[in-house]
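In what follows, chains are A, B, ... by sequence order, proteins preceding strands, each numbered from 1. Computed from a prediction, not measured in an experiment: that's the story for all the values here.
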Amino acid sequence: MDRPKGSVLVVGGGISGVQAALDLADSGFFVHLVEKSSAIGGSMSQLDKTFPTNDCSACILSPKLVEAGRHLNINLLTLSEVLDIQGGPGHMKVRIRKNPRYVDTEKCIACGTCAEKCPKKVPNEFDLGLGTRKAIYLRYPQAVPLKYAIDPEACIYLNKPGRCGFCKKVCPSGAINFDDRPEEMTLEVGSVILALGFRPYDPSALDFTGYKNFKNVVTSMEFERLLSPSGPCMGHMERPSDKSEPQRIAWLQCVGSRDINRACHGYCSSVCCMYAIKQAVIAKEHSKSGNLQSSIFFMDMRTHGKGFEAYYDRAREEGIRFKRARVHTVLPAKDDNLVLRYSNEAGELIDEEFDLVVLSVGLETDPEVIRLCHDLDIELDQDNFVATSPFSPVATSKPGIFVCGAISEPKDIPQSVMEASAAACGAGGMLHEARWTQTKKKEFPPERNVYSEPPRIGVFVCSCGINIASVVDVNEVTEYARKLPGVVFAQNNLFTCSQDTINQMAETIKKERLNRVVVASCTPRTHEPLFQETLREAGINKFLFEMANIRDQDSWVHQKWPEKATEKAKDLVRMAVAKVRGDEPLPYNHVPVTKKALVIGAGVAGMVSALSLAEQGFPVCLVERKEILGGHARKFYRTWHGRVMKEYLEELIKRVESNPNIDLELGTTIEDVSGSVGRFKTTLSNGKNVEHGVAIVAVGAESFKPRSGPWNYLYGKNPNVHTLLELDQRFIKDDEGLKGLKQAAFIHCVGSRVPERPYCSRVCCTHAIDQALKLKELNPDMDIFMLYRDIRTYGKREHLYQEAREKGIVFIRYDLEHLPEVWDDDGKIVIEVEDQIIGKRVRLHPELLVLASAVRPRDDVGELSKLFKCAMTEEGFLLEAHMKLRPVDFATDGVYLAGLCHYPKPVEETIAQAQAAASRAAMVLSRDSVPAESITAEVNPMKCTGCAVCTKVCAYHAVVMDGKTGKAVVDTGMCKGCGACVAACRSDAITLKNLGNEQIMAAVEAAMESW
Amino acid sequence: MFYATLEGLRRFKIPHNFEFISVISLYAKLIRQGRLRVDSSWNKEGLKFTCQDPCKLVRQGLGDVVAEDLRFVIKAVAGEENFVDTWPRLSNNYCCGGGGGALQAGFVENRRRYGRLKFEQLSETGADVVITPCHNCHTQILDLCDYYGGKWKTTHLWNWLEKALVLEDRDETGKE
Amino acid sequence: MQKEIVDLSSIRARVKKQIEGAVPDAKIDYCLTCGLCASGCPATGIEGLDPRKFLRLLVLGQDDEILKTNWIYSCTMCQRCKYACPMGIDVGRIVYEIRGMRPKDKRPKNLQRSCDLQKQSNSTGIPNEDFVWVVKDVLEEVRQNEPQWRDLKAPIDKKGARYYLNQNAKEPTVEPEEMVPLWKILHVAGIDWTYSSKWWDGANYCLFTGDPEDWEYTVRKQAEVVDALGCRYYINTE
């Protein structure tokens, strides 16, 4: 067989598709990223904020989109669809249709003149029809690519040639092409990743919700747009009927989820509880009156992710009302308000009036995706999500095709991002022989040495179409710039970022022998890399560049004061010129990579990570503190899918033990770690030293044993009281004694969601219910009671909960105010708990009591985290770099995490995270060197007093004290250029390159000049 | 009882050669076909009409289709603008509380307590006439109106349909 | 205050099992106790019960309470709860089964009597001859008093008529003039229709007593009559 193709097709440009594309493109593969709409970003780009960090969704997503859009090894195919895929792993032919945009992306500079003149308004699908857009439109303000597109259904010209055509007339760059036609192309790739996401459930058919009948009943996705600053009411939170600010908002949970009657969706959509809480919290922040009353009506509050329970607790403290009730029908009230009538648990009917009702709609697969999967012969599950197995969570039934994100199950963003990296690992692992065979490499000319030259500064002032020029007098600013000291060239451009202007800029730099450049335009956030690259192409160091932000921070915010805005633009340009004058060329730092990984912990997570890397040809040192492999999984009977753990585990162990690339160190722990990404040195307890480029921490967790205290429930006192894993032991041993039991009971949340351990352990509801079902298999006549607080069988696990009820397992809810009482009556267990529905106390006599006890972090994790300079959560789990978008990376580069040490999770998620960690690690290991920050801190040893304050404030542990000299030294490989040490240094001994006193003070002084 | 026959035929798999239909669907069909000609001009005072969706006919019987037929006929008979709908409505409408044998079973107090919701809902519409296409609904809503002091008139549909009928001989001597 | 204690040494839940035997898709165990049913049920609170509590009593085997409560006669089996219930549980159907579990002499007298009469002929118990006589009498009166309706018809037992019309027994019994508008409407539309002199009653309370055999019997009789007349359509006046 020929060598596989070194390229991958990723279908779907949402967060998971983009993440998979970036991972692959950064580890040696060429990626074709296909997106159906005119811009990438997917559903995440429509969200206002994200839980549990309350980050602005667009703000954290944008950099990734920009990166994907600009990546040399990502071919972005927007407005495109997959028609057909032929072939198998390594060799696949994909037929793609690229629909016409009618706008030449090479020429379009996104000035917006076309949309301004376009006479045709249509409902904006990005705002779910709440607002309007023109027939020529930008999907959203931060769209990537930032190029307009014509909607052929709405366009007047395309429907009646000869009419309209205004956009073509006004486009300053001649980008409109009405003759654009669909194109079909065939791509040859080695593998395919489907990241097609979900669509929100449409509640129109649920008449009782009042959706479409009452204006002030909206879906949660619509509400996101009402909250969003880029939405139809610019983030002012107006209700649809009268644009007034709602003072009382209700959320109705489980609309289109956990409903086998009307919605035909038996699964739980996993994310709605959290997004409803988030919306309630954010709505409170948006409320101008400050006394917004938010109420969430729910069945079970499912806050099962990392940081979620704390978020829920905080929401309650902030006064958000949580009502365990469901409303049958939304009723109208006067002034377009709505009345919700609900029965509380005691059976009393209560009527409450609201100004706005938000339906927390679930997630479902788009019918078009279902059709594509049928065409591609990819197996779907009963809910029309792509079927996957717990032991290969991102593989489809079709070899060579992987999935990630909500296409395989409703899931949140961190989980989707994790799977994206896991899918990249799957595809990359399969194609590793072809790494770097199809990628391109950017070559730049050698850089001119400018040290000895006096500053020759060029200033480019951008009109940004009319974005800047309609407010700021750009000619005046250009003329002003020309006279500033050191400036030898100044020019105004209609669009500085357009391709021809960029080319011309490079020519100008060469011709005028410029050695410093200032661009006065939009924002460095999106455009700085483009201009810096232009400098390199023209043969000068990219750090000899400054940007003056005269659009986002000037023309856009001071539209009513053009004269003052012009003055401000001059000030900004003067400051930029003053700063750039002192800028020096900086090195493009690189750290050489030791091509070996260290994996700590040989449970399922560690073994999967190690194998994923070893099978790609990277040597791995796998360290395990015990003498045997397998970790926690050895005690675990079966997954909730019914797959027996032992079989999988034995196979996995065999593969690890027989892989020549894996060096096993059993009975060993980590003693010491030094170095940084690319060049770690670790000392093991057996005295060996390991040099490695990356490390994966997968040290697992423990199960909480309530030997004493409030959650004891006779544990350790009565032999028939077990933890979940102890019952699993009896299942593994085929314990005959279980068959004869007449009654069994489970208590959920033992030691979880309590003051001393406030988080939800995520796995126990599902695990306990699966065990109850196993007991029913053993003896169908056994009476089984589950005493629970909220059942959290998220996603497809909800089917298991339904099956348990179906089989007659009785669920009785308790809460912290009504705890079950358990006592020993002459060796027999007695439980009393109140059934809150019938308002009576129920007395049980189980012969077996199972405690679904918490998953707790291991005590020694703290030590390990210190060695790798990694952070921990309050609860003692390891803390990733970013909860939303970097779920397997540590803040320390080159160190990754997987499995239970991150947070409790079921085996399928552990495996996905382990594969993700391997993908992230491979991004480093696949290179000979990794880039490091250029703007780094520098210590002047003459001034350093050796106080070591800098070492304490550095979040990246990049500053250390030199043992010999007693002075601070900065490891440029680890320094991120944040400047914390500079600010902390009492002796003014530390400087940030190009951000030193010289440059900053020059800019500040320049600012003062006009005062 | 429409549902007794409909569901009886279904549940007990009773063999039969006829098609079982509701008179409401028949009215609507005949009006749509032009076989019944109706004229709402009699409603000069602009009497407002609303209706009850009988559970057994609508939710449990033929669904929203027959409820929409009912509205179609009322609008044709009383004038489009004179129909005021309820909420909830169609298949999701409240039961009046007279069905299920409640009228025969006794427990009068419970039956009226049950019907309170229906009474409030109908009062809310401000309608002068409540059309009750089912005999149980008719009796119950008549009683609720009387007991709780409603202001509407509870009637069957046929009385108004008769009133709005355009007759051949009337045509000759009348308007046309 | 000490709450009542329910001892569940074993859940017998005989009533639940009996219902599940008769109605395999009763789905009582599927209940999520979410309370959506109770929020939308006009019978919530009556006799201290609501659909959720009712199901919960069944699940926890509180059979005495289930068999004793008169809530089953406040629940009209309207199925509004089932309409929106996420699990689609049909409380009405369950109530029907429980009504049937009551001994006949413990059931509401008038309800049972209406059904018993229906099984003989019609729910009010008037003789069939009276029905025939009332129809003819009322028709005659209209023909005489209203000249434009002089050829109005109200056929009975007309073989081969295209439409068969039933008649709720309430009209011929207490308000016979209420039959006339429908006759007129059918007449104007040119509908070829007929009543039957047997099993003509459109009401049917056997649906509510809980005995399926009674219900089946009455419907079977109606079907036989209509088929014997050879009608293509059976119109119910509701």
Cut-off 4.5 Å, heavy atoms of chain A, and the answer for C:D50 is side chain
Applying a strict 4.5 Å limit to non-hydrogen atoms, the region of A:F785 in contact with chain C is side chain
Open item on the list: Please report whether the SG atoms of C:C41 and C:C75 are separated by less than 2.5 angstrom.
Closed with: no
Honestly, the part of A:F811 sitting under 4.5 Å from a heavy atom of chain C is backbone
Side chains of C:Y83 and A:D207, donor plus acceptor under 3.5 Å
yes
- Query: How are the rings of A:Y788 and A:H748 set relative to one another: parallel (under 30°), tilted (30 to 60°) or perpendicular (over 60°)?
  - Reply: perpendicular
So, the part of A:Q802 with a heavy atom under 4.5 Å from chain C: the answer is side chain
Salt bridge (Lys or Arg N to Asp or Glu O under 4.0 Å) with A:D300: of A:R258, A:R326, A:R813, only one passes, and it is A:R258
Greatest number of non-hydrogen atom pairs under 4.5 angstrom with chain C, of A:D835, A:L349, A:V327, falls to A:D835
Ranking C:T44, C:L32, C:L57 by heavy-atom pairs under 4.5 Å to chain A gives rank one to C:L32
Given C:L49, C:L60, C:I28, the one with more heavy-atom pairs under 4.5 angstrom with chain A than any other is C:L60
If one checks every heavy atom of A:I812 against chain C at 4.5 Å, the contacting part turns out to be both
- Task: Please determine, by modelled atom types, if C:N70 and C:E47 share a side-chain donor-acceptor pair under 3.5 angstrom.
- Result: no
Honestly, the part of A:I260 sitting under 4.5 Å from a heavy atom of chain C is both
Note: vs chain C, highest number of non-hydrogen pairs under 4.5 angstrom among A:E345, A:E803, A:R324 is A:E345
*Can a donor-acceptor pair be found between the side chains of A:D383 and A:H799 at a distance below 3.5 Å?*
yes
The interface call for A:V810 against chain C, heavy-atom contacts under 4.5 Å, is side chain
Output for pair (C:D201 CG, C:L117 CG), nearest 0.5 Å, gives 10.0 Å
Note to self: Does the plane of the ring in C:Y233 sit parallel, tilted or perpendicular to the ring in C:Y163? Use 30° and 60° as the thresholds.
What the structure shows: parallel
Honestly, the part of A:F208 sitting under 4.5 Å from a heavy atom of chain C is side chain
Answer key: most heavy-atom pairs under 4.5 Å with chain C among A:R805, A:R262, A:H845 is A:R805
When the 4.5 angstrom heavy-atom criterion is applied to C:I89 and chain A, the contacting part is neither
Ranked by heavy-atom pairs below 4.5 Å to chain A, first place among C:R52, C:K53, C:K16 goes to C:R52
Any luck finding a side-chain donor-acceptor pair between C:Q112 and C:D116 under 3.5 Å? yes
Applying a strict 4.5 Å limit to non-hydrogen atoms, the region of A:A346 in contact with chain C is backbone
Assert top hit (heavy-atom pairs under 4.5 Å, partner chain A, pool C:C37, C:G40, C:C34, C:G35) equals C:C34
Show your working on side-chain contact (heavy atoms from CB on, under 4.5 Å) between C:T194 and C:L229 and close with a plain yes or no. CA-CA 9 Å; C:T194 182; C:L229 288 169; 4.1 Å; yes
